[in-house]
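Keep in mind that the numbers below use all heavy atoms, side chains included, and drop hydrogens, waters and symmetry copies.
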Amino acid sequence: MVVGRMVAVALLCLVAGGCRGTGETATQSPEQASGGRFEFARVLMGSRARVLLHAPSEDEAARAAAAAFAEIERLNRILSDYDDSSEAMRLCAAPHGAWHPASPELIDILAKSRSVWERSDGAFDPTVGALTQLWRDTKRTGV
């Protein structure tokens with residue numbers, strides 16, 4: 001239960017905390033040696049991800065951070081637009097006009113994306129993939 005709460009807090013901090021570091025690292029100030037704030041960093045999804053959390057020990061913090069990073073990796077296997085083998089990319093590459101299986105998680109995120117699109121009057125646009133691809137091509141080619 002404690003690790004579960006720490007994973008939830010770690011994911012929240014990852015989303016809100018920004019990025020730093022290149023490999024996985026753990027840091028703690030000397031005055032917090034008996035527990036406190038821990039920071040872990042790892043490159044995930046093409047970016048440096050940082051997890052900040054509070055835990056009674058470094059071992060518990062490391063387990064919670066590992067669980068948070070594993071969840072990010074799992075979601076990336078579903079949602080990535082960089083990885084042609086992700087579920088979302090396989091669905092995009094599937095032939096049009098026929099039904100294709102999709103996981104409940106992918107269906108859920110697509111439904112939520114549509115809901116946010118509708119509530120934002122189009123300010124949030126989950127169909128921006130073609131523009132994203134253009135940006136990537138421009139970066140790669142310089143054109």
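- Few gaps surround CZ on Arg74; more than 12 heavy atoms of other groups in view lie less than 6.0 Å from it.
- When the options Thr138, Val143, Asp137 are evaluated for a side-chain contact (heavy atoms from CB on, under 4.5 Å) with Arg140, the one that passes is Asp137.
- At least one donor-acceptor pair closer than 3.5 Å links the side chain of Thr132 to the backbone N or O of Val128.
- A distance-only check finds no donor-acceptor pair linking the side chain of Glu87 to the backbone of Leu79 [under 3.5 Å].
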Are Arg63 and Asp59 close enough, and set up right, to give a salt bridge (charged side-chain N to carboxylate O under 4.0 Å, His left out), and what steps lead you there?
CA-CA 6 Å; Arg63 282 194 301 274; Asp59 286 343; 5.2 Å; no
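- Residues Trp117 and Pro126 share a closest heavy-atom pair of CB-CD, 3.9 Å.
- The shortest side-chain heavy-atom distance between Met89 and Asp83 does not fall under the 4.5 Å cut-off.
- No path of Ile, Leu, Val, Met, Phe, Trp and Tyr side chains, each step under 4.5 Å between heavy atoms, connects Val51 with Leu75, placing them in separate hydrophobic clusters.
- In this structure, Ile78 CD1 and Glu105 CD are separated by 4.0 Å, a value rounded to the nearest 0.5 Å.
- Of the possible polar contacts, none joining the Ser47 side chain to the Ala49 backbone as a donor-acceptor pair under 3.5 Å is found.
- The main-chain N or O of Ser85 is found under 3.5 Å from a side-chain atom of Arg90 such that the two form a donor-acceptor pair.
- Side-chain contact between Leu106 and Leu91 is present, with heavy atoms from C-beta onward closer than 4.5 Å.
- The pair Glu73-Arg77 fails the salt-bridge criterion, with no side-chain N (NZ, NE, NH1 or NH2) lying under 4.0 Å from an Asp/Glu carboxylate O.
- From Asp108, atom CG reaches atom OG of Ser113 across 9.0 Å, with rounding to the nearest 0.5 Å.
- Across all non-hydrogen atoms, the minimal contact from Ser86 to Ser80 is OG-O, 2.6 Å.
- Contact between Ala55 and Phe38 at its shortest, heavy atoms only, is O-CE1, 3.6 Å.
- Contact annotation: the side chain of Leu52 approaches that of Arg37 to within less than 4.5 Å [non-hydrogen atoms, C-beta and beyond].
- In this structure a side-chain-to-backbone donor-acceptor pair under 3.5 Å is present from His100 to Ala98.
- Contact of the Asp81 side chain with the Arg136 side chain is registered, since non-hydrogen atoms from C-beta on lie closer than 4.5 Å.
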